[in-house]
Amino acid sequence: MEQAGSLSARGSTGSVAPDIRTASVRVPAQARAADVERERGVASDESRSAAGARGEHTHSEPPIPHPRVESARPVEAARPVEAARPVVQRASVRGQILDALRTALVAGELAPGQVYSAPVLGERFGVSATPVREAMQQLALEGAVEVVPNRGFRVVRRGTRELAELAEIRALLEVPVVLRLARTVPAARWAELRPLAEAAARAASAGCRATYAECDRAFHHAMLALAGNDQLVQIADDLHRRAQWPLVGGPVPRGRADLMADAAEHLALLDALTAQDLPAVQSLVREHFADN
């Protein structure tokens with residue numbers, strides 16, 4: 001019986017089947033969850049590294065966007081909103097340099113016919129050449145200077161004929177407007193211009209041509225602005241500014257006495273306008289442009 005049982009247990013192939021009551025089944029060791037996640041992470045990192053080396057990106061996460069370049073200066077684009085202040089400061093510097101160059105032109109510090117480079121002028125004003133070059137380009141548009149390639153900017157030479165032509169054009173524009181305003185503008189509005197005329201008188205008394213030039217333009221600007229025609233004011237202001245530039249071979253620049261006489265005409269004109277004395281207004285305004 002033991003032999004028969006032994007034969008039946010071997011089976012037809014001659015191999016011995018394990019006894020499930022005594023044999024132990026070995027189960028392979030299972031990896032811990034942490035180890036699996038670690039291996040997955042390493043594989044993902046390696047995949048992303050390989051993809052990045054090829055300039056690719058995986059589908060499981062969006063690609064890292066490149067920083068937006070708003071201008072030619074990427075460093076500025078990466079700064080916070082407060083970093084926009086240097087742009088404002090640069091525009092302010094350009095405006096200050098433009099005003100300083102206009103003052104130098106009126107004062108005769110920039111000689112007609114001479115060539116000035118932006119770097120040299122930048123050293124004079126303590127700034128870089130860029131805002132100086134931008135300001136000089138604006139003066140070139142206004143006709144004060146002309147561009148000299150590879151050298152800089154030459155101050156335009158002007159003569160007495162050009163000055164007379166500018167005075168004639170200014171008279172053709174401003175005299176009819178002032179006469180029309182004398183009939184329509186109330187006295188209270190003319191009184192608002194008196195502080196400007198008085199400021200011009202103080203600048204003339206001090207003998208400062210550059211300061212007087214600014215006060216003179218401010219007075220005429222405010223007077224013409226009462227007409228409500230912005231284009232007229234802009235054109236007249238441009239002509240007035242050009243008429244203040246120095247001459248070559250012309251008369252001696254206006255001195256303190258000439259400036260004071262010109263400023264006195266402003267005050268006399270205001271008195272006539274306030275009183276609506278039309279004949280006096282016409283005489284004063286024509287004489288004012290004839291003297292300029």
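In this text the structure is predicted, and so the values were computed from the model without any measurement.
- Counting heavy atoms from C-beta on, the side chains of L267 and E198 come closer than 4.5 Å.
- The structure places CG of L226 at 6.0 Å from CG of L193, a figure rounded to the nearest 0.5 Å.
- R170 places no side-chain N or O within 3.5 Å of a backbone atom of A243 that could act as its donor or acceptor partner.
- A 4.5 Å side-chain heavy-atom check between L139 and M136 finds at least one atom pair inside the cut-off.
- Only one option out of L110, L121, V145 pairs with F153 in a side-chain contact (heavy atoms from CB on, under 4.5 Å); it is V145.
- Pairing each heavy atom of L278 with each of A182, the nearest pair is CD2-CB, 3.5 Å.
- Among residue pairs with one or both ends in residues 223-232, none qualify as salt bridge (Lys or Arg N to Asp or Glu O under 4.0 Å); sequence neighbours excluded.
- Aromatic rings of H288 and H266 (six-membered ring for Trp) have centroids within the 6.0 Å cut-off, being under it.
- Closest non-hydrogen pair, A272 versus L284, comes out as CB-CD1, 4.1 Å.
- V155 and P112 get closest at one heavy-atom pair: CG1-CA, 3.6 Å.
- Closest approach of L196 and A218 over heavy atoms only: CD1-O, 3.8 Å.
- For T274 (side chain) and L270 (main-chain N/O), a donor-acceptor pair under 3.5 Å exists by modelled atom type.
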*Would you please test D238 and H240 for side-chain contact (heavy atoms from CB on, under 4.5 Å) and show each step?*
CA-CA 5 Å; D238 178 65; H240 196 172; over 6 Å; no

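- Salt bridge D271/R194: present, at least one basic N to carboxylate O contact under 4.0 Å.
- Here salt bridge (Lys or Arg N to Asp or Glu O under 4.0 Å) pairs that include residues 108-119, with residues two or more places apart or in two chains, are E109-R124.
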*Please step through side chain to side chain donor-acceptor pair (under 3.5 Å) for the pair Q138 and E134, ending with a clear verdict.*
CA-CA 6 Å; Q138 176 61 36; E134 293 174 350; over 6 Å; no

*asked:* Applying side chain to side chain donor-acceptor pair (under 3.5 Å) to S92 and Q96, what does each step give before you reach the verdict?
replied: CA-CA 6 Å; S92 176; Q96 294 176 13; 3.2 Å; yes

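- For the pair E174/V285, no side-chain contact is recorded, criterion being any heavy-atom separation below 4.5 Å from C-beta on.
- Taking CZ from R157 and CD from Q114, the interatomic distance works out to 7.5 Å, rounded to the nearest 0.5 Å.
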*For side-chain contact (heavy atoms from CB on, under 4.5 Å), just list the numbers for D262 and Y212, CA-CA rounded to whole Å, side-chain angles, deciding distance to a tenth of an Å, and then say yes or no.*
CA-CA 10 Å; D262 192 66; Y212 179 78; 2.3 Å; yes

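- Hydrophobic cluster membership for V115: V148 (Ile, Leu, Val, Met, Phe, Trp, Tyr linked by side-chain heavy atoms under 4.5 Å, directly or transitively).
- Using a 4.5 Å cut-off between side-chain heavy atoms of Ile, Leu, Val, Met, Phe, Trp and Tyr, with links allowed through other members, V233 and F289 fall into the same hydrophobic cluster.
- Among the candidates R286, M223, Q282, the single residue satisfying the side-chain contact (heavy atoms from CB on, under 4.5 Å) test with V178 is M223.
- Hydrophobic clustering keeps I97 apart from V120 (ILVMFWY residues linked when any side-chain heavy atoms are closer than 4.5 Å, directly or through intermediates).
- Residue Q244 is tested with E214, R102, R217, R209 for a side-chain hydrogen bond (donor to acceptor under 3.5 Å, both in side chains); the sole match is R217.
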*Can L181 and W190 be said to form a side-chain contact (heavy atoms from CB on, under 4.5 Å), step by step?*
CA-CA 10 Å; L181 293 175; W190 293 118; 3.9 Å; yes

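- Distance alone, capped at 3.5 Å, places no donor-acceptor pair between the S283 side chain and the P279 backbone.
- A distance of 10.0 Å separates CZ of R189 from OG1 of T184, quoted to the nearest 0.5 Å.
- Between L273 and V185, the closest side-chain pair of non-hydrogen atoms is not below 4.5 Å.
- Contact between A200 and C215 at its shortest, heavy atoms only, is CA-CB, 3.6 Å.
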*asked:* The test is side-chain contact (heavy atoms from CB on, under 4.5 Å); show your working for R241 and E142 and say whether it passes.
replied: CA-CA 9 Å; R241 189 187 304 278; E142 297 176 1; 3.8 Å; yes

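- Side-chain atoms of R154 do not come within 3.5 Å of backbone N or O of Y116 as any donor-acceptor pair.
- Residues A204 and R256 come closest through the heavy atom pair O-CG, 3.5 Å.
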